[in-house]
There are 2 protein chains.
Amino acid sequence: MNNYRMTPQRRLILEELRKTKKHPTASEVYQLVRKNIPDISMGTVYRNLAILIKQGKIQRINNGSKKERYDGNPYEHFHIKCTECGRIDDLPEDLVENIKRNININFDYKITGYDLFFYGLCPDCKRRQEDKMEEKIPEKSKNYGSLKLQKLGKGED
Amino acid sequence: MNNYRMTPQRRLILEELRKTKKHPTASEVYQLVRKNIPDISMGTVYRNLAILIKQGKIQRINNGSKKERYDGNPYEHFHIKCTECGRIDDLPEDLVENIKRNININFDYKITGYDLFFYGLCPDCKRRQEDKMEEKIPEKSKNYGSLKLQKLGKGED
DNA sequence: TTAATAATAGTAACTATTATTAATAGTAAA
DNA sequence: TTTACTATTAATAATAGTTACTATTATTAA
Ligand SMILES: [Mn+2]
Ligand SMILES: [Mn+2]
Ligand SMILES: [Zn+2]
Ligand SMILES: [Zn+2]
């Protein structure tokens, strides 16, 4: 159980994950690969996703939902999810650099890794909200760093 | 559906969550409250956890597992999970302060919140690993900031 | 005191994921 | 090339965590 073969199914799953920037769920991957291999099964998708992760070719991302999401980029990088529509993008590198400098402090735990996940409004939803705002009273405060209350909005799961 | 009552079940669930530092799962909460209300049902636990979250009295934390975990502290703070035994602790405030200073940069998204989750070895598992190390060859590199490969070790889920 | 609404225990249903199975196909000797 | 060995597959069953439903009880409001 350690000599993996590169089957057409596995290759296609990997290709689709590398092509997209959307961080799809398992069933979204299934929909994508079904276009070329119509009789592939969900079991095969799940099994191959797990193997590709074990091989370090893809990663699973921690998006605060019960549907796992997969990423064709296996290297360390961080994500932001729109609380309005659910869209997930990579976070630009430079936004993270100074953060990384500051977490290597020693305390009781030995830190070996971390997940950083941002929430917010994607460009589209931001614009849509700004448009609505013009018809109303302008607000001042930003809800940043406050109670975690409704952190996740109606953004799909 | 907006006039909540403070029932004994709801009060006990909240009390138990406030007492513990363990960030328990739903079924761990169930085990705790069953000591005082033996015939409480899982449905009641789940329903009340959801209501308490909606009221902003507790929060659900994003721990990269399919079992949700609940926290009696509803205010923004961050967590670290031991990859060896699964234990989850709060992160000390000062470790996070300078990180917070550096994420308010403007880019396409409007950032409204974030999750920060660290992984590592808890004091116990760190000591246990250090003990084992003494009998072997000393290692030099740290696996920090590398491929996300086996980020989660055998730590329970 | 009656009516409306919340909450409960118990149970059924749902959903994402994992495990099982019987069949197929690639690989490695012999 | 035959042979055995093992990885992989599609289909399907099973599992686990969570949510929805139901009939009943308790609390509040008119
Ligand atoms: Mn990504
Ligand atoms: Mn906490
Ligand atoms: Zn959006
Ligand atoms: Zn530990």
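So that the names make sense, note that chain A is the first sequence line, chain B the second, and so on, each numbered from 1.
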With a 4.0 Å cut-off on N to O distance, would you call [X] and [Y] a salt bridge?
X: A:Asp71; Y: A:Arg69; value: no
X: A:Glu15; Y: A:Arg18; value: no
X: A:Lys19; Y: A:Glu16; value: yes
X: A:Arg128; Y: A:Glu84; value: no
X: A:Asp124; Y: A:Lys126; value: no

Atom pair distance, as rounded to whole Å: [atom1] in [X] and [atom2] in [N]:
X: B:Tyr46; N: C:dA7; atom1: OH; atom2: P; result: 20 Å
X: A:Leu12; N: D:dT8; atom1: CG; atom2: P; result: 16 Å
X: A:Asn48; N: C:dT18; atom1: CG; atom2: C1'; result: 14 Å
X: B:Ile37; N: C:dG10; atom1: CD1; atom2: C1'; result: 16 Å
X: A:Asp39; N: D:dA11; atom1: CG; atom2: P; result: 6 Å
X: B:Ile51; N: D:dT19; atom1: CD1; atom2: C1'; result: 13 Å
X: A:Tyr4; N: C:dT27; atom1: OH; atom2: P; result: 16 Å
X: A:Lys66; N: C:dT17; atom1: NZ; atom2: C1'; result: 12 Å

[N] OP1/OP2 closer than 4.0 Å to side-chain N/O of [X]:
X: A:Asn3; N: C:dA28; answer: no
X: A:Arg47; N: C:dT18; answer: no
X: B:Arg5; N: D:dT28; answer: no
X: B:Lys67; N: D:dG17; answer: yes
X: A:Thr7; N: D:dT9; answer: yes

Between A:Ala50 and B:Val45, which has a closest nucleotide on DNA chain C that is more 5'?
B:Val45
Spell out, as yes or no, whether a donor-acceptor pair under 3.5 Å connects the side chain of A:His23 to the backbone of A:Ile88.
yes
Any donor and acceptor pair, going by atom type alone, linking the side chain of B:Gln59 with main-chain N or O of B:Tyr75 inside 3.5 Å?
yes
Select from A:Thr44 and B:Glu68 the residue whose nearest nucleotide in DNA chain D is closer to the 5' end of that strand.
A:Thr44
What's the angle between the local helix axes at either end of the helix from C:dT1-D:dA30 to C:dA30-D:dT1, using five pairs per end and rounding to 10 degrees?
20°
